Every structure is written in structure tokens, then in C-alpha cells.
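A quick write-up on the structure given underneath.
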Amino acid sequence: MSGKTPQPIRGTQDIFGADAESFAFVVETFERVRRLYRFRRVEMPVFEKTEVFARSLGETTDVVSKEMYSFDDRGGESLTLRPEFTAGIARAYLTDGWKQYAPLKVATHGPLFRYERPQKGRYRQFHQLDAEVIGAAEPQADVELLTMADQLLKELGIADGVTLQLNTLGDGDSREAWRAALIEYFSAHRAELSEDSQDRLERNPLRILDSKDSRDKAFVADAPRIDDYLSAEAQDFFAAVTGGLDAAGVAWSRNPALVRGLDYYRHTAFEFVTDRLGAQGTVLGGGRYDGLMESLGGPATPAVGWAAGIERLAMLVGDREIAGPDVSLAVEDNALIAKGIAATAALRAAGFSVEVFDSGSPRKRYDKAAKVQARALVSLNTGGFNIRSAPDTPDVDRINQVLSQFGS
RNA sequence: GCGAUCGUAGCUCAGUUGGUUAGAGCGCCGGUUUGUGGUACCGGAGGUCGGGGGUUCGAGACCCCUCGAUCGCCCCA
């Protein structure tokens, strides 16, 4: 009849127990903090036309060609499960006329999909928190966004092991000049670079800067720095961001090797990094993407945003205690099951969380009920209800009152 | 796409240089005891040792293939 049980898809996870509690804690904290900063909640589609991501990411990259979950629908149109939030939100900003709300602060969270090899903190279906400010060209937007991220990490209780690394990529011209200088510099040492970096020289030269290969690191130290190519405006912008962070009390450190692969990034780039998650140390990252809207056919629109991996945050948060119920009820006699059900319903209607034990060996129900660490432990037998609780437990009187209507 | 490590009960793991009928703890189910904040004891269910092939008198163990997991490289929107 039944064959072999289907296995879960590689890179997906069934999150349960303490892990699920940590996950929920991360999301709840994000929702709370996001309100403090007045970011509006948005719900976005899980899939979009492939074009949305292909155009925003730049068609050439591996990212688009190999790492997206794309498929044709029945009409023959190519669709893609969202690999990030930003492109979809940008699309909505344009198609839904959200310009009328600019500057628009939005936040969301949910599943994302990337066809990658799973490893620590990396999954094919994973989950992110996301925050974006669209239509704000001022550095204050960057500051507010980063301050929110900083407060989130603090409220999650993980700020200690995490540092904010900050860099600027300059405006379009600064960035191009720096890029050209890097290519020239690394080309001169081409033969001494790692094979991977020789390849990167063509595909993505900025990425040589964060190579893990020791052969590359020697040259990275003396590579041209963005600071020497920044326009006066770009310098001012970065100074305003760092000054704002200082004013807000957000600790940061400069990382001149922090780069973004995609061309639409300008000015601020940042990552909150930890060394406690193995090779996947970035816990929250983002930057300013002033060039993105145009790649989707919209008007030039400044924007800045970040995303954070919920799984990684949950790992840092650690195991959360699963709180016991308000009441744990052991029905120690099968003749009293209906009475137990009635009492349980009444307690829940009164706002108490209740767990009932009315199956299995009647003699063992009490022990099971005791095990869940309820604030009040109630047994029901022919002698009626019998409450046990710690001396100062609040609400015991109310619980008693609810139970009293069922006799004793 | 590449590499390393690892797959034994629901979970965590023992299992000797290859040797009789594959074990423990926890959990689950039942019973006895206790009789009220987690007791103790007894019993039970649950395994084609990831799968396939090979070496051997004999494989959970050794070899090959395969599947899966973990971690790392590449990539990282």
C-alpha cells in the first residue's frame, strides 16, 4: 500500500521545539522594534516574474543563472521564487504607485529561496527579516535604518558578539574609478593571485578584497582604497552617516574591504558580523541601492535597506525556554473526563492556558501533568479538584473560582 | 560544481584486531508501589545496523558504488 516515505527537500528544515521558540522570539522582537521606528508592515508575493529578479540583479551573474528557483507556469511564463525581498518591494513601489507615500519605510519577513549547497546557517528555503526606506536620498535614512538594526540586536540579547562593519562604495563615478584602479593593481600581480581570484579579476574584481585565500590577502592589504577615489559629495555623505551613528550611540568599525557585487549599490554598505557562526558570519546586511529602480524601468529613486537571516539570529539567541501553561489538569478517573473537558473549556474561556491529561494510564496522568511545569497543577478525581501551586502564584483564586462552578 | 567527515531503536549513543541470538540511557505503552511538584521497581512495543554489490568459513565493522546528513570551498542578491 504505502511505499517509502518521501524525504524532505535538501536544504529545507522542519523547525520545531526550542528552535521554533527562538525563531518566534526573533520575529516577535523584530515586529516590536519595527513599530518603534514606524516602519509599515507589508506582505509580499512569494513569487514574481523571473524578470523582476533577473533585471535587478543583472542577468549575467551566477546568481541568476544557477541559484534561483525558476519555473514556467502553465501559460509558459517564467516565474521565480523570491531569492530576496528588495526586488519585489521595488517592483511594488513602481507598479502600485507607492511613490505617493515617499519617503516610505516598510518592513516584512518570510521565506526566501536560493538554490545553494546547504551548510551552517545556509538553507535553500530560509527566512529573513527585511526593512527598506525608499525615496529618501538623505544619510539620515541610513542612520535610522542602522539604528533600528542595532536596537534589534540589542533587544535580542546578541549585540555583544556582533559588530557593525561599515563601508562606502561612493557614488557612481567614485565607484567606477575605484574599480578601475583595483583591476589595474591586481592585474599587475595576476600570476601571484589564487586561481579563484584570477578568475574574479574578470568576473567580479571587488570580491578579491574579501578572499579567504592567504595568497590574496598579502596583496589586498596594499590595494587601492575607495577613500582615494571618493568625490567630495560621497565623502560628505559617508561622514554624515558615521556622524549620525555616533550621535545615536551605535558602535561601528570601518571595513574598507566590505563590498557589494551588484552595480546598483551606492554609498553605504554594511554588515553586522559575528565569529560564532562558522563561515556564515553575517547576521544582518544591507546598503544603499540608488540604482535599482532604474533597472526595473522606473525613475531614479534613492533607497536603502537591510535583511537579516532569522535562522542565524535564532542560533545566536540560543534555546528559549518553552513556557509551561497556566494550568495543567490531570483527570485521574475516566468517569470524570467530561467534567475535565468542561472545566478546561471554562478556564480557557477565562483566559488561562491549559493543558489536560486525560488519556493513558490514570495513575500516570498526575506525573505527566506535573512534568509540564504549569503555574498551577490541578488533579481531578472522585474527591473533586485539587490545586497545587507555588505560594505566590498569581491568579490561583481566579482559577479556583472558575473550577468551583463544577462542584468543589 | 568541488572537498572532508559521518549514517546502529522515536532521540542521544555503545558495539574490542571481523566471531554465537545487536545493546544501554532517555522517551513511549502497560502493571505494581507511592499518594501529590516530577518516586521506585517490573514488563512490553520498537532495528532488513541508510541502500546495493563485493572480500571472507563468518561483515554493524573491511573494499567499491549509491543515497542522505553535517561542515567547508565556490557563490553570496
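Fair warning: this is a prediction, and the values are worked out from it, not measured in the lab. Letters A, B, ... are given to chains in the order of the sequence lines, protein chains preceding strands, and every chain is numbered from 1.
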Does a side-chain N or O from [X] land closer than 4.0 Å to OP1 or OP2 of [N], or not?
X	N	value
Ser361(A)	rG31(B)	yes
Lys364(A)	rU36(B)	no
Asn381(A)	rG35(B)	no

Please give the distance between the [atom1] atoms of [N] and [M] as a whole number of Å.
N	M	atom1	answer
rG60(B)	rG53(B)	P	14 Å
rU70(B)	rC26(B)	P	29 Å
rC49(B)	rG23(B)	C1'	12 Å

Residue pair Arg398(A), Asp395(A): steps toward the salt bridge (charged side-chain N to carboxylate O under 4.0 Å, His left out) verdict: CA-CA 5 Å; Arg398(A) 280 186 59 221; Asp395(A) 292 329; 3.8 Å; yes
Glu332(A), nearest nucleotide to its side chain (from rG35(B), rC76(B), rC75(B)):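 Looking only at heavy atoms from C-beta outward on Glu332(A), the closest nucleotide is rG35(B).
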Asp227(A)/Arg254(A) ion pair, N-O < 4.0 Å: yes
Complementary nucleotide of rA14(B), counting Watson-Crick and G-U pairs under 3.5 Å: none
Watson-Crick or G-U wobble partner of rG43(B), both distances under 3.5 Å: rC29(B)
hbond_proxy Arg200(A) side chain to rC74(B) base (donor-acceptor, 3.5 Å cutoff): no
Option passing side chain to side chain contact (heavy atoms under 4.5 Å, CB included) with Arg266(A) (candidates Asp171(A), Leu169(A), Thr168(A), Asp290(A)):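 Exactly one pass, corresponding to Asp290(A).
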Sugar-phosphate, base or nothing in reach of Ser389(A), heavy atoms under 4.0 Å: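 Here Ser389(A) touches the bases of the nucleic acid.
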Sugar-phosphate only, base, or nothing, as touched by Tyr265(A) at under 4.0 Å among non-hydrogen atoms: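 Counting heavy atoms under 4.0 Å across all strands, the contact made by Tyr265(A) is with sugar-phosphate only.
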Audit row: Tyr289(A), Glu132(A), side chain to side chain donor-acceptor pair (under 3.5 Å) steps and yes/no: CA-CA 10 Å; Tyr289(A) 52 94; Glu132(A) 315 276 353; 2.5 Å; yes
Scan nucleotides 67-73 of chain B against the protein and return all N/O pairs shorter than 3.5 Å with their distances rounded to 0.1 Å.
{"residue": "rA69(B)", "atom": "OP2", "partner": "Arg10(A)", "partner atom": "NH1", "Å": "2.9"}
{"residue": "rC71(B)", "atom": "OP2", "partner": "Lys120(A)", "partner atom": "N", "Å": "3.2"}
{"residue": "rG72(B)", "atom": "OP1", "partner": "Ala279(A)", "partner atom": "N", "Å": "2.7"}
{"residue": "rG72(B)", "atom": "OP2", "partner": "Lys120(A)", "partner atom": "N", "Å": "3.2"}
{"residue": "rC73(B)", "atom": "OP1", "partner": "Lys212(A)", "partner atom": "NZ", "Å": "2.8"}

Salt bridge (charged side-chain N to carboxylate O under 4.0 Å, His left out) evaluation trace for Arg35(A) with Glu31(A): CA-CA 6 Å; Arg35(A) 285 190 179 90; Glu31(A) 276 295 297; 3.8 Å; yes
